[in-house]
Number of protein chains: 2
Amino acid sequence: MNSGPQSVFRALADPTRRQILLHLAKENMAIADIADRFDITRTAINKHLTILEEGGLIKSEVSGRERRNSLTPEPLKSAFEWLGYFENFWDVKLSDLQREIAKDMKEKKETDQ
Amino acid sequence: MNSGPQSVFRALADPTRRQILLHLAKENMAIADIADRFDITRTAINKHLTILEEGGLIKSEVSGRERRNSLTPEPLKSAFEWLGYFENFWDVKLSDLQREIAKDMKEKKETDQ
DNA sequence: TTAACATGACACCTTTTGGTTTCATTTCAA
DNA sequence: TTGAAATGAAACCAAAAGGTGTCATGTTAA
């Protein structure tokens, strides 16, 4: 449950883990339910779940002999915001000139503060 | 230069690479310039740059004996959008509020007519 | 009460990662 | 023109990642 940018981006680096997040966005699932949707062993899924939990992206609670996993998407927001920093770079379709302009405007904004 | 979600998220997984992106967002730099800003060898930096390039996040062109690296942020947009899918999960309250506001404005507009 | 279920806990394996050192090659500048 | 600068390239290494299989333990349902 660190949820710093590192543990979040690390959790997102694996395609299986990203798919697990998408599944959990639709419904909460027990470990075996998740494993059924992939071609790898339950043990491997379990390791992925641990890494997702370390990133704070999911939480799980025991219910009888099951462990229900659910999405806790708040840390995704920080990754989203990290990427949002670059929004000014990609949304203008940048020539080098335009990039210079964007940079100048950003610098001006900073000195205004 | 694959720039699929996998190569992008993979490139973002390492903290050094994320920092390199932030540096290149400020200014284009040669390899040695980048290496000066970290405590690891130029060779290691070079490997990171290769991975960033595979993700389509940077491009580099030779200029004399230097290789200038620059940000090509478009692929970051796809990662941003992937995360945006979860926006409704982390900001449920906000989106509800926005929906209310939108509704109110629409109603107001209708009464204005 | 017992067999099937769901998971936890290990031990083990291979490949990838992130890093190093060393040496060669190209280019610039005094 | 010649040495320093910038990079390319290769060999090597330890640790982490992503898997597997096996066995033990608590739970549930017939």
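Every chain is numbered from 1 and lettered A, B, ... according to where its sequence line falls, protein lines coming before strand lines.
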Partners of [X] by side chain to side chain donor-acceptor pair (under 3.5 Å), sequence neighbours excluded?
X	answer
A:Lys47	none
A:Gln19	none
A:Thr50	none
B:Arg65	none

Task: Close residues, residues 32-51 of chain A, relative to DNA chain C [heavy-atom separation under 4.0 Å] - done: A:Ala32, A:Arg42, A:Thr43, A:Asn46
- [ ] Go through residues 18-30 of chain A and report each residue with a non-hydrogen atom lying under 4.0 Å from DNA chain C, sorted by number.
- [x] A:Ala30
Task: For the student: nearest non-hydrogen atoms of A:Val8 and A:Pro75, plus distance - done: CG2-CB, 3.8 Å
TODO: Might you point out which heavy atoms bring B:Gln6 and A:Ala13 nearest each other, and give the distance in Å?
DONE: NE2-O, 3.2 Å
Side chains of residues 24-42 of chain A: which donor-acceptor pairs under 3.5 Å do they make with residues two or more places apart or in other chains?
{"residue": "A:Asp33", "atom": "OD2", "partner": "A:Ala30", "partner atom": "N", "Å": "3.3"}
{"residue": "A:Arg37", "atom": "NH1", "partner": "A:Asp33", "partner atom": "O", "Å": "2.9"}
{"residue": "A:Thr41", "atom": "OG1", "partner": "A:Ala44", "partner atom": "N", "Å": "3.3"}

How long is the straight-line distance from [atom2] of [Y] back to [atom1] of [X], given to the nearest 0.5 Å?
X	Y	atom1	atom2	value
B:Leu71	B:Ile20	CG	CD1	11.5 Å
A:Arg67	A:Ser60	CZ	OG	4.0 Å
B:Leu21	B:Thr16	CG	OG1	11.0 Å

Open item on the list: With a 3.5 Å distance limit and no angle check, can you tell me whether B:Ser78 reaches the backbone of B:Pro5 through a side-chain donor-acceptor pair?
Closed with: no
Open item on the list: Under a 3.5 Å distance rule, please check whether B:Arg17 uses its side chain to pair with a backbone N or O of B:Leu12 as donor and acceptor.
Closed with: no
Review item, nucleotides 1-3 of chain D N/O atoms under 3.5 Å of protein N/O:
none

Task: Outermost DNA chain C nucleotides near chain B [under 4.0 Å, heavy atoms] - done: C:dT17 to C:dC28
TODO: Could you walk me through whether A:Leu57 and A:Ile51 pass the side chain to side chain contact (heavy atoms under 4.5 Å, CB included) test, one step at a time?
DONE: CA-CA 9 Å; A:Leu57 301 178; A:Ile51 292 170; over 6 Å; no
- [ ] May I ask you to say what B:Arg17 touches in the nucleic acid, namely base, sugar-phosphate or nothing, with a heavy-atom cut-off under 4.0 Å?
- [x] sugar-phosphate
Open item on the list: Considering every strand and a 4.0 Å limit on heavy-atom distances, what is the contact class for B:Arg10: base, sugar-phosphate, or nothing?
Closed with: sugar-phosphate
- [ ] Give every residue pair that meets the ring-ring contact (aromatic ring centres under 6.0 Å, His included) criterion with at least one member in residues 60-82 of chain B, sequence neighbours excluded.
- [x] A:Phe80-B:Phe80, A:Trp90-B:Phe80, B:Phe9-B:Trp82, B:Trp82-B:Phe86
Task: Qualifying ring-ring contact (aromatic ring centres under 6.0 Å, His included) pairs, either residue in residues 42-79 of chain A, two or more places apart - done: none
Task: Separation of atom CD in A:Glu54 from atom P in D:dG18, rounded to whole Å - done: 12 Å
Between protein and nucleic acid, restricted to nucleotides 13-15 of chain D and to nitrogen or oxygen atoms under 3.5 Å apart, what atom pairs and distances do you find?
none

